[in-house]
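These notes are about the structure you will find just below.
Keep in mind it's a predicted model, so treat the numbers as computed, not measured. Lettering follows sequence order; numbering is per chain, from 1.
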2 protein chains.
Amino acid sequence: MTYSEENYLKIIYHLSVVSKADISTNAIAHEMQTKASSVTDMLKKLAEKELVSYQKYQGVSLTQKGFFAAKMIVRKHRLWEVFLVEKLNFTWDEVHEIAEELEHIQSDKLINKLDEFLDFPSKDPHGDPIPDRNGNLPKVEKQLLSELAINKTGICVGVKDSSTSFLQYLDKQKIALGTQIKVIEKESFDNSLTIEINGNKLLITNKIAGNLFVKTI
Amino acid sequence: MTYSEENYLKIIYHLSVVSKADISTNAIAHEMQTKASSVTDMLKKLAEKELVSYQKYQGVSLTQKGFFAAKMIVRKHRLWEVFLVEKLNFTWDEVHEIAEELEHIQSDKLINKLDEFLDFPSKDPHGDPIPDRNGNLPKVEKQLLSELAINKTGICVGVKDSSTSFLQYLDKQKIALGTQIKVIEKESFDNSLTIEINGNKLLITNKIAGNLFVKTI
DNA sequence: ATTAATTTTTAGACAAAACTAAAAATATAT
DNA sequence: ATATATTTTTAGTTTTGTCTAAAAATTAAT
Ligand SMILES: [Mn+2]
Ligand SMILES: [Mn+2]
Ligand SMILES: [Mn+2]
Ligand SMILES: [Mn+2]
């Protein structure tokens, strides 16, 4: 598989995790930051290789084969992210771009030895689950902070958006994986929340709360 | 720079280390396992980018810029090889292929952090010197075992050929970096040698001796 | 000094992956 | 139900890196 095919496959996978229905050409084009016509070309190729099932105008879904291949790419991406943070002391906002390259390194032996070297981690630095060598994903129970009721407390377990800017915002506000967050107040006009972290109150927008995953305790 | 450009540059570098004179199109084609016409195309592109100086029919040499770029690729290749052997417990015959891919990962920060993580190694698992971040190469003093005089003893410090088959031959004969080798006899008819390792005598061909680097003590 | 052999370059073609512009299909709105 | 808007596909280019076949330059041999 080429780098490009792998990138498409991974994006179709990520879109599938959320959407349930078949994935549209435009949705893929948007994620790939490319043109719809380029996507159509690639979908034909992936269908030819039986990695996706595709019918003109009807969108695509991953085949069993494509689903497994996609999970192996995600596995590589997330294991490399763990390596970069745990062993090389990168911060969580620096690793995504580098992992985008490293995820394409071929050797299965390499990734399995890396997994062992890292002590078989179950989550990456952003709280996302790491598929094991057979493609099994640990089930992570979580909900968006924006959906947490008033007076409930959650532990931060992941981020939906892992862009540098969002992660750096969280750093600035001293929010990290494991941080306890209590919802104090919700402003119905703009859906902003007042939360409490380590005894300090903080106002956050709905956009922020909609990108933070928490687990209730 | 593309992967392909980097591969060409690295090969021109390796050929330059041995040959002194300008590098021929055919020599590059042979190393790249490609056609001379493809090499010509690429040389034009590298010349355009001022990475090599090239004149039709006269071969190429690296510019200062190309020389530095090549050394950075070699640096990455060798550091990744050290990582694979030291941290992931690969054997020295397994790492070259994987490093061929890893050497193209872009981030400077990554490679410098990797260097630090590995404790700034000066040699890779095959005894080859690792350029530092400024491109300085530790000078390794060494000679071929085939050039060692009778009754002299040398310590194995490197291999000229780092193919899997040669490295596995050395494993089988219990020859590793650091092994002491004494030349007992040279057969003038076929240039084969009788050597002594850990008290055991061993007959090796001239081809073997011509691919093993030793340092006299 | 010619001729022959070898090396290198050019010319033209091809596959992969992208693009633009236009056509076709589907979805939405009146 | 028809018109409009949106999405998706096709058709035709472009760029990168490769190839084959043929021409040109260089080197070696008589
Ligand atoms: Mn990532
Ligand atoms: Mn991640
Ligand atoms: Mn190597
Ligand atoms: Mn090496």
Would you indicate, yes or no, if C:dC19 has its OP1 or OP2 atom less than 4.0 angstrom from a side-chain nitrogen or oxygen of A:T34? yes
What orientation do A:W80 and A:F83 show, parallel under 30°, tilted 30 to 60°, or perpendicular over 60°? perpendicular
Is there a donor on the side chain of A:S37 or the base of C:dT20 sitting less than 3.5 Å from an acceptor on the other? yes
Under-4.0 Å side-chain N/O to phosphate OP1/OP2 contact, A:N26 with D:dT6: no
Between C:dT26, C:dT8, D:dT8, which one does the side chain of A:T40 approach most closely? D:dT8
Measure the distance from CD1 on B:I23 to C1' on C:dT8 and round it to the nearest whole Å. 16 Å
A:D22 and A:S61: which non-hydrogen atoms are nearest, and at how many Å? OD1-CB, 3.7 Å
Given D:dT8, D:dT18, C:dT9, the nucleotide with the shortest approach to the side chain of B:A36: C:dT9
Looking at A:Y54, does any N or O in its side chain come under 4.0 Å of the phosphate oxygens OP1/OP2 on D:dT9? yes
To the nearest angstrom, the OH-P distance between B:Y3 and D:dT16 comes to 17 Å
Can you check whether B:V74 reaches B:P131 side chain to side chain, under 4.5 Å on heavy atoms? yes
Taking for A:K56 and for B:A27 the nucleotide of DNA chain C with the nearest heavy atom, the one nearer the 5' end belongs to B:A27
Separation of atom CD1 in A:I28 from atom P in D:dT8, rounded to whole Å: 9 Å
Phosphate-side-chain proximity, B:K44 and C:dT9, N/O vs OP1/OP2 below 4.0 Å: no
Side chain of A:Y57: nearest nucleotide among C:dT26, D:dC19, C:dC19? C:dT26
Given that B:S38 and A:K35 both sit by DNA chain C, which one's nearest nucleotide is further toward the 5' end? B:S38
Between D:dT7 atom P and A:H30 atom NE2, what is the distance in whole Å? 12 Å
Could you walk me through whether A:E31 and A:K10 pass salt bridge (charged side-chain N to carboxylate O under 4.0 Å, His left out), step by step? CA-CA 10 Å; A:E31 289 298 315; A:K10 193 181 58 163; over 6 Å; no
